[in-house]
Amino acid sequence: MTAPAPYSRISELPSHAGETVRVRGWVTHLRSSGKVAFVVLRDGTGLLQAVLVKSSVSPETWTRFGQLTQETSIEVEGEVRPDARAPGGFELAVNGLSIYGESPIDYPIQPKEHGIDFLLDNRHFWLRTPRQRAIARVRSEVEQAIRDFFYERDFTLVDTPILTSASGERSGLFSTEYFEEGTAYLAQTGQLYGEAAAAAFGKIYCFGPTFRAEKSKTRRHLSEFWMVEPEVAFNDSEDNMRLQEEFVSYIVARVLERRQPELKELERDLSKLESIKAPFPRVNYSDAVEILQSKGSSVTWGDDLGAEDEAILVQDQDRPVFIYNYPKQAKAFYMKENPDDPRTVLCDDLLAPEGYGEIIGGSEREDDHDKLLARIEAENLPVEAYNWYLDLRKYGTFVHSGFGLGLERTVAWISGIHHIRESIAFPRTMHRLKP
RNA sequence: UCCCGAGUAGCUCAGGUGGUAGAGCAGGUGACUGUUAAUCACCGGGUCGGGGGUUCGAGUCCCUCCUCGGGAGCCA
């Protein structure tokens, strides 16, 4: 009795040419020509064409081929051999086939066009398709690049709470009951906690899911999205922007270096990514308003910039653009007043090219206790919830800056996909909680 | 919340001026020894989103509700 053939993943097959191996996976295509049959299977590392010749397999094996349907999970055993006609250049000459789990004929995803509602309802299956797997791998690479970037630069990762009492942003909050403490809110940002941690470690970042109950229905919004937020003690707003452009350039370079097959699957124009190198253009908010007005926009000084305005500012740019120092009333309470123009705050938005919109919002934080307290009161925020945050300005206040980068927007931009919902495995949008 | 658009077979869609529905793919059966989203022949498949109205008659016209999509605002 001989030992069973070893298992191999599809990507490893070229190194097993001439050997007999077993491969496990899911059926993606079936073709039959009477006495020769082809099974294409997927195992997450690639596609394998397995060939069955009726005269050289057992009758039982031939019968089992007839029972296969799309997405049946199977094991095939056979000899690996090079063949130019096979996808990947190698195929398996099958001598054994076993079925792990059958798949009824009503498997919903077909190799054809589907509508978006149908695909989102079947997201758990949609993930199995080549394009969606490519996006997910780009996302995974972006996340790893984010962690490596900060690790290499001696930032400490600090995980911040998701259940919070105070919020950092003004937009919609998800709430839930919290024991005897009243209402808790799902975090919209980890920033305030990050600021506390920056005084302990100097350089920190947090990275996790954040929640916005905004009733937004656009291709740039999710109600649950991932945000990475570094916070650096003694960085001013200029240092902050330099960190941002270095960070974004690093992420793009990493994906270009390691995810070529995925970018090819996504038909991404690589030249658009290759030009993403620091430094990025910087446009002062006031200058931006003048530019926009000269191009016919109706914005007036003091307004936040709308989606159309942002599109105008990035058109013809081959890399992201900083818009910095917005009016105070357009921005959050924690941003530091600009000493050179107190109507504005020291902050920046980083707008991605090709119409992907704002991928980063950053600022120097208000480090003056009294000014910060005045802003909290002016916004009618509950001061008692911010006492600990105000304490940071009372006990050894320090210049510090940080920013938040939206992971899904960044992944959508790098992948070149139209809608942000495909950049996370199970998107949460206004009208979708399943699957 | 506001402004558009769409709901017809499992999926993607077509159905001038009202006369109770079609195609492609998927599925079933058969043929084929090298297929690449195989090909060819035949077969089955529908509460036309729900409700109300006009009409002899509504997928089609009117009202209403629901669902979904696109966009705006807000933001990452």
Side-chain angles (χ1 to χ4, degrees), chain A residues 28-40 47-57 62 66 69-70 83-88 91 93 104-122 125 129-130 168-173 188-191 207-229 244 248 303-311 320 326 330-332 348-352 356-362 403-413 418-421 423-424 429-432:
Chain A
T28 65
H29 296 288
L30 292 164
R31 289 184 290 272
S32 159
S33 305
K35 288 167 184 159
V36 179
F38 302 89
V39 182
V40 179
L47 291 178
L48 169 65
Q49 173 166 286
V51 186
L52 289 84
V53 177
K54 190 176 184 181
S55 57
S56 41
V57 298
W62 188 255
T69 57
Q70 189 187 356
D83 192 306
R85 292 167 294 190
E91 65 180 20
I105 52 104
D106 56 355
Y107 181 73
I109 308 283
Q110 297 172 25
K112 59 169 287 190
E113 294 289 317
H114 290 289
I116 188 63
D117 184 37
F118 178 81
L119 288 170
L120 287 171
D121 283 342
N122 290 284
F125 293 136
T129 62
E169 304 289 343
R170 290 175 287 194
S171 50
L173 291 158
Q188 298 182 314
T189 169
Q191 178 202 315
F207 190 14
T210 51
F211 307 86
R212 305 275 168 99
E214 298 154 357
K215 293 188 173 174
S216 299
K217 279 176 60 179
T218 82
R219 66 193 183 94
R220 300 187 308 281
H221 288 87
L222 294 170
S223 46
E224 177 178 315
F225 67 97
W226 281 60
M227 186 155 66
V228 54
E229 298 176 278
Q244 290 166 50
V248 170
D303 296 341
D304 203 353
L305 303 181
E308 203 172 313
D309 297 322
E310 292 183 354
Y326 281 71
K331 290 293 174 182
D348 67 87
D349 284 354
L350 184 64
L351 308 180
Y356 284 91
E358 185 183 341
I359 54 171
I360 283 180
F403 62 89
L405 174 133
L407 179 65
E408 288 76 12
R409 285 186 185 179
T410 303
V411 171
W413 164 50
H418 180 256
H419 201 297
I420 190 174
R421 64 188 158 211
S423 64
I424 185 167
T429 54
M430 203 174 139
H431 294 298
R432 198 173 288 278

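Note that the structure is predicted; figures quoted are calculated from it, not measured. A, B, ... follow the sequence lines: proteins, then strands. Residue 1 opens every chain.
- Residue-level contact check: A:Lys217 touches the bases, meaning some heavy atom is under 4.0 Å from a base atom.
- Taking A:Thr69 as the reference, A:Thr72 meet the side chain to side chain donor-acceptor pair (under 3.5 Å) condition, with sequence neighbours excluded.
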Do nucleotides 41-48 of chain B as a string where each nucleotide becomes B, S or -: B if the base has a protein heavy atom under 4.0 Å, S if just the sugar-phosphate does, - if no protein is that close. --------
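- Distances shorter than 4.0 Å separate some side-chain N or O of A:Arg219 from OP1 or OP2 on B:G71.
- Comparing A:Ala86 and A:Glu408 along RNA chain B, the residue whose closest nucleotide (by nearest heavy atom) sits nearer the 5' end is A:Ala86.
- No side-chain donor from either of A:Gln70 and A:Thr28 sits under 3.5 Å from a side-chain acceptor of the other.
- Among the protein residues, A:Asp349 comes within range of no part of the nucleic acid, since none of its heavy atoms lies under 4.0 Å from any strand.
- When Watson-Crick and G-U wobble pairs are counted only if both distances are under 3.5 Å, B:G27 pairs with B:C43.
- For the pair A:Pro87 and A:Asp117, nearest-nucleotide mapping onto RNA chain B gives the more 5' position to A:Pro87.
- Taking the P atom of each, B:U35 and B:U39 are spaced 12 Å apart, rounded to whole Å.
- Note on A:Arg432: a side-chain N or O is less than 4.0 Å away from OP1 or OP2 of B:G69.
- Nucleotides B:G50 and B:U8 are separated by 10 Å at their P atoms, to the nearest Å.
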Its contact letters, B for base, S for sugar-phosphate only and - for none at protein heavy atoms under 4.0 Å, make nucleotides 9-15 of chain B read -BBS---
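- Under 4.0 angstrom from either OP1 or OP2 of B:G70 there lies no side-chain N or O belonging to A:Arg220.
- In this structure, B:G7 and B:C66 make a Watson-Crick or G-U wobble pair, each of the two defining distances being under 3.5 angstrom.
- Counting distance only, with no hydrogens placed and no angle test, the side-chain atoms of A:Glu91 and the base atoms of B:G34 include a donor-acceptor pair under 3.5 Å.
- A:Ile359 and A:Arg409 make their closest contact through CG2-CB, 3.9 Å (heavy atoms, listed as atom of the first residue, atom of the second, distance).
- Expressed to the nearest 0.5 Å, how far NZ of A:Lys217 lies from OG1 of A:Thr429 amounts to 9.5 Å.
- One donor-acceptor pair, N or O on each side, does fall under 3.5 Å between the base of B:C75 and the side chain of A:Arg409.
- Pairing for B:C2 goes to B:G71, judged as Watson-Crick or G-U wobble with the two contacts each under 3.5 Å.
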